[in-house]
Asker: 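Before I ask anything, here is the structure I am working with.
Numbers restart at 1 for each chain; the letters A, B, ... are given by sequence-line order, proteins then strands.
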Amino acid sequence: MSRFEPREIEPKWQTAWEAAGTFTARRDETRPKYYVLEMFPYPSGRIHMGHVRNYTMGDVIARYKSSCGFSVLHPMGWDAFGMPAENAAMERGGHPKAWTYGNIADMRAQMKPLGLSIDWSREFATCDPEYYGQQQAMFIDMLDAGLVYRKNAVVNWDPVDMTVLANEQVEDGRGWRSGALVERRELTQWFFKISDFSEELLEALDGLDDWPEKVKLMQRNWIGKSRGLQMAFSLIDGPGGHDRIEVYTTRPDTLMGASFVGISPDHPLAKQLETQDEKVAAFCAECRKGGTTEEAIETAEKLGYDTGLRVRHPFDTAWELPVYIANFILMDYGTGAIFGCPAHDQRDLDFARKYGLPVTDTFVALEGGKPVENEAFVPPKTEKVRWVKGFAGPEIQTGEEAIDAAIRFCEENGVGHGVTKFRLRDWGLSRQRYWGCPIPVVHCEACGVVPEKKENLPVRLPDDVSFDKPGNPLDRHPTWRDCACPECGGKALRETDTMDTFVDSSWYYARFTAPRAATPTDAAEVEYWMNVDQYIGGIEHAILHLLYSRFFARAMHLTGHLPKKAIEPFNALFTQGMVTHEIYLTRDENNRPVYHLPEDVERREDGVCLKATGEKVEVIPSAKMSKSKKNVVDPVNIIESFGADTARWFVLSDSPPERDVEWTAAGAEAAYKHLARVWRMANEIAGASGEGEGDEDLLRAMHKAIHDVTMGIESFGFNTSVAKLYAFTNTLQKSKAGAAARKQAMKVMAQLMAPMTPHLSEEIWALLGGEGLVANAPWPKADAAMLVEDTVTLPIQINGKRRSEISVPKDMPKEEVEKLALADDAVVKALAGGQPKKLIVVPGRIINVVI
RNA sequence: GCCCGCGUGGUGGAAUGGUAGACACAGGGGACUUAAAAUCCCUAGGCAUAGCGCCGUGCCGGUUCGAGUCCGGCCGCGGGCACCA
């Protein structure tokens, strides 16, 4: 018998699949379709274990569904625009295009040996002009449909490099290259009107039954529907025609506890004061320092500036409140102005204590209610509390009831009106960068902003650009901007903003259904293939990518590019965990960590050492694989030494798919050993002959395995499927059954393993004389009659603790079971002649005797 | 700071509210071998132990005949926070 040689069998079967066109997706109206999609990768140049895990999971589903008779679409492409290509060009010279396409070629070459059942004929990259040209066509349609507009918005501005920075490029409030303090600056930007769909995107979440609850919850909170009161405080002696401040509050019930009014530094009133008062200007400038992220704003020290202006309380004209400019109030949300009620909001309380403002309780706990000191009293809105400064509704009511009553009261008395607001902001898609999809509009002095004619698409990126200076190369290109106005034919300039890469990834799933179509989509193809039946990707995309895709599908429907049924493009979503690894480090003379690759390290009896020098290394618990920590395992090395099936088997085993999996060398070796064992077993069984004992038992185990493995795959419990396959292997190995039964069992084993270890399975299938390719064989069905056990073992608990067990026929009536249980030695002893207080018999499960 | 998850032996993990630790890794013991590798078999949560037993799913409390699972509070770790993809 020869050895298990993945290096020989894997390329052999990959060639066979390719020759047979096994994975080419075919639109076959006579069969049900199944569309499996994994989030496509950014072409960094190297695949990593996270990719292997992600794509293997999708591959298991794709191969399994194919065996179940579905016409499967399982495509692959590249999310190819983005900053890293420009960074590479800046750091190492070269061109983003060459870098990106080079990386794609490298990664494709690394992925192919995995033996994924991908229809490579549909491959595309988002930086292909054929793709982004169609995206530009849709942009124009959406512009016509009123789904796109321009407005001012803030960006991170690096005042030294004179360029816009991504949030990632801001470190501790400073530009990553210049080190300059970043400022928030306003620019005119393009926006998608996603906020028009706030209600719709929120409500439609309820229909996404096969999405994880946590993702739906995150999206709900992100959209952030709230009902509140919009009202005005009248301003005393306001400057420049400002006679009122509109505020929005979700807690109008606390209006009697108000102690100040706060406005955003970007509020029109603040801007007015800025022009009149140097101190205000200095304060507002201070507020604009730092990055634009919500995190930066929320964690910054809360600062306020007393404008000296006063407003009147709407219920008492003698009651005046100070007006502060505060750095934590966002102009984007609500009206850009609030009233602060320190007793019931921690941030307002901190602010009030800092600036010596009054703290007035409006409600207290029903029992033991104490006045607020340094901790705001913020009970759940569903909890009943006692109002000590209420103005609407009964003295004792919940926050919810009080809010409703307050809104009603205010409306009746002409103080504001109830409004519904959403946290979701419009999607700013402008990027002041080169390596992205050009926004296909031109700026004409006569006609203004005009969309490019569709026949002139794609608006291509110019190749002759340089990255020696910061900023957008499109801006400083000598000729690219020059064009003729599509309307008047006069001289015009192209828009130099490109699109956010989230636009690229918001419709690629639709393009895969007809990747070469001359229009963005093909009606017949999207009708057949949409929706994506199973989408798989990282939890880090739970909000933005998935929400944008849901919006984009709706926008594509409104512009005629997708059918109504596809407005929720992903029927089922699965979010997989990361691949992690231990981190190895030594210390340099300054005690700074020096990281080491796993392959440079070995385990010895006395600990973990460097292979080269024997120096001891510190081992830090597993973390996400990252280049900087050097805790990376290159899939290419694993495939070369153990084969793709081993890598696939390992990433599926042990950890549940939604959780992180820790890569260990020992685990990979164990996976290889197991596959080699299965291979040897298949060879032995292929040569076996004659009768044996226990055929029935083996076939029962086989049907159990079919049932369990199938359930595992159906429920994304690949690790439990793998465990069942281990168990079935153990059973088969120990079985003394006859050759025919063992051959049958082994063939089923090959089929059950085929989605996970397709190459080995083909080899075994062929060895045992299976017909055709196992990839084309129908999925085995478990015989229900073979799954039924005749007797069951019932544990007996006494007061909830397991003390004994009895074996009874499966269908024994409850009364009989009770009698047997009461006759059990342990029970008799525990009862000591007395009667049980309670006797619980759960048929087929458990008996509990309460004494 | 805000939103969302996760936490079970030495390790990865299993477990429709019903026998906690399936399956595997590392470990221990044995078989085979001149020897090693490979392979095969046995063992294995902790404490105590001849045995009976007691404790145990991050911590504290609750619901239940029964809680890893449900509820409340804490601690720790991870993801997201709108220009990383």
Asker: Within the 4.0 Å heavy-atom criterion, would you say A:V155 contacts the bases, only the backbone, or no part of the nucleic acid?
Answerer: base
Asker: Starting at CD of A:E669 and ending at P of B:rA37, how long is that distance when rounded to a whole Å?
Answerer: 13 Å
Asker: So what's B:rG5 paired with, Watson-Crick or G-U wobble, going by both distances under 3.5 Å?
Answerer: B:rC77
Asker: Identify whether the glycosidic angle of B:rG9 places it syn (within 90° of 0) or anti.
Answerer: syn
Asker: Look at all strands and tell whether A:R677 reaches a base, only sugar-phosphate, or nothing, counting heavy atoms closer than 4.0 Å.
Answerer: sugar-phosphate
Asker: On the nucleotide B:rA24, are OP1 or OP2 found under 4.0 Å from the side-chain N or O atoms that A:N730 carries?
Answerer: yes
Asker: Could you go over nucleotides 3-5 of chain B and give all protein N or O partners under 3.5 Å, atom names and distances?
Answerer:
from, atom 1, to, atom 2, distance (Å)
B:rC3, O3', A:N221, ND2, 2.8
B:rC3, O2', A:N221, ND2, 2.9

Asker: Might you point out which heavy atoms bring A:S804 and A:A826 nearest each other, and give the distance in Å?
Answerer: CB-CB, 3.9 Å
Asker: Do A:K216 and A:E213 meet the salt-bridge criterion of a basic N to acidic O distance under 4.0 Å?
Answerer: yes
Asker: Quick one: A:I798 CD1 to B:rG53 P, roughly how many Å, whole number?
Answerer: 11 Å
Asker: Quick one: A:L839 CG to B:rG18 C1', roughly how many Å, whole number?
Answerer: 14 Å
Asker: Using a cut-off of 6.0 Å, state whether more than 12 heavy atoms not belonging to A:K736 lie near its atom NZ.
Answerer: no
Asker: Does the side chain of A:R53 come within less than 4.5 Å of A:E38's, by heavy atoms?
Answerer: no
Asker: Which nucleotide, B:rA15, B:rA85, B:rG66, lies nearest any side-chain atom of A:N848?
Answerer: B:rG66
Asker: Can you spot which of A:R353, A:K354, A:Q346 makes a side chain to side chain donor-acceptor pair (under 3.5 Å) with A:D350?
Answerer: A:Q346
Asker: Tell me whether the count of non-hydrogen atoms from other residues, nucleotides or ligands lying under 6.0 Å of NZ in A:K704 goes above 12.
Answerer: no
Asker: Hey, does A:L725 reach any base, or is it just sugar-phosphate, or nothing, if we go heavy atoms under 4.0 Å?
Answerer: nothing
Asker: Any side-chain donor-acceptor pair under 3.5 Å between A:D475 and A:T496?
Answerer: yes
Asker: Now, which nucleotide makes the Watson-Crick or G-U wobble pair with B:rA36, with each of the two distances under 3.5 Å?
Answerer: none
Asker: Would you mind pulling out the nucleotide paired to B:rC23, Watson-Crick or G-U wobble, both distances under 3.5 Å?
Answerer: B:rG12
Asker: NA contact type, A:T501, heavy-atom cut-off 4.0 Å: base, sugar-phosphate, or nothing?
Answerer: sugar-phosphate
Asker: Any strand counts, and the cut-off is 3.5 Å on both contacts for Watson-Crick or G-U wobble. Which nucleotide pairs with B:rG72?
Answerer: B:rC60
Asker: Watson-Crick or G-U wobble partner for B:rG53, using a 3.5 Å limit on both distances?
Answerer: B:rC47
Asker: In whole Å, I'd like the distance from the CZ atom of A:R220 to the C1' atom of B:rG80.
Answerer: 17 Å
Asker: Just compare B:rC83, B:rC81, B:rC65 and give me whichever is closest to any side-chain atom of A:E294.
Answerer: B:rC81
Asker: Please pick, from B:rA82, B:rC65, B:rA85, the nucleotide with the shortest atom-to-atom distance to any side-chain atom of A:M83.
Answerer: B:rA85
Asker: Are more than 12 heavy atoms, taken from residues, nucleotides or ligands other than A:N221, located less than 6.0 Å from that residue's CG atom?
Answerer: yes
Asker: I'd like the P distance from B:rC65 over to B:rC4, given in whole Å.
Answerer: 32 Å
Asker: Report yes if at least one side-chain N or O of A:N167 is closer than 4.0 Å to OP1 or OP2 of B:rA82; otherwise report no.
Answerer: yes
Asker: Looking at A:K801, I'd like to know whether one of its side-chain N or O atoms comes within less than 4.0 Å of OP1 or OP2 on B:rC55.
Answerer: yes
Asker: Which whole-number value in Å describes the distance from A:I796 CD1 to B:rG18 P?
Answerer: 18 Å
Asker: Within the 4.0 Å heavy-atom criterion, would you say A:G428 contacts the bases, only the backbone, or no part of the nucleic acid?
Answerer: sugar-phosphate
Asker: Think A:R659 has a side-chain N or O under 4.0 angstrom from the OP1 or OP2 of B:rG78?
Answerer: no
Asker: Would you kindly give the CD-to-C1' distance between A:E213 and B:rG79, to the nearest whole Å?
Answerer: 18 Å
Asker: Looking only at the side chain of A:Y726 (C-beta and beyond, no hydrogens), which of the listed nucleotides B:rC65, B:rC23, B:rG13 gets closest?
Answerer: B:rC23
Asker: Once you apply a heavy-atom cut-off of 4.0 Å, does A:A670 come out as touching a base, just sugar-phosphate, or nothing?
Answerer: sugar-phosphate
Asker: Look at all strands and tell whether A:V842 reaches a base, only sugar-phosphate, or nothing, counting heavy atoms closer than 4.0 Å.
Answerer: base
Asker: Starting at NE2 of A:H545 and ending at C1' of B:rC81, how long is that distance when rounded to a whole Å?
Answerer: 18 Å
Asker: Categorize A:F328 for me: base, sugar-phosphate, or nothing, with a 4.0 angstrom heavy-atom threshold over every strand shown.
Answerer: nothing
Asker: Would you kindly check whether a donor in the side chain of A:R845 faces an acceptor in the base of B:rU16, or vice versa, at under 3.5 angstrom?
Answerer: yes
Asker: For B:rC65 and A:N799 - does any side-chain N or O of the residue sit under 4.0 Å from the phosphate oxygens OP1/OP2?
Answerer: no
Asker: Is there a side-chain contact between A:S655 and the phosphate of B:rG12, meaning an N or O under 4.0 Å from OP1 or OP2?
Answerer: no
Asker: Students often get this wrong, so: under 4.0 angstrom with heavy atoms, is A:Q432 touching a base, only sugar-phosphate, or nothing?
Answerer: base
Asker: Expressed in angstrom and rounded to an integer, what is the separation of A:E383 atom CD from B:rG72 atom P?
Answerer: 12 Å
Asker: Please measure how far the C1' atom in B:rC55 lies from the corresponding atom in B:rU49, and state the result in whole Å.
Answerer: 15 Å
Asker: NA contact type, A:K837, heavy-atom cut-off 4.0 Å: base, sugar-phosphate, or nothing?
Answerer: nothing
Asker: When you match A:Q797 and A:S653 each to their closest nucleotide on RNA chain B, which lands nearer the 5' end?
Answerer: A:S653
Asker: Inspect the contact between A:D426 and A:K193 and indicate whether a charged nitrogen and a carboxylate oxygen are less than 4.0 angstrom apart.
Answerer: no
Asker: What are the two closest non-hydrogen atoms of A:P41 and A:H51, and how far apart are they?
Answerer: CB-NE2, 3.7 Å
Asker: How about A:Y508 and A:Y131: are their ring centres within less than 6.0 Å of each other?
Answerer: no
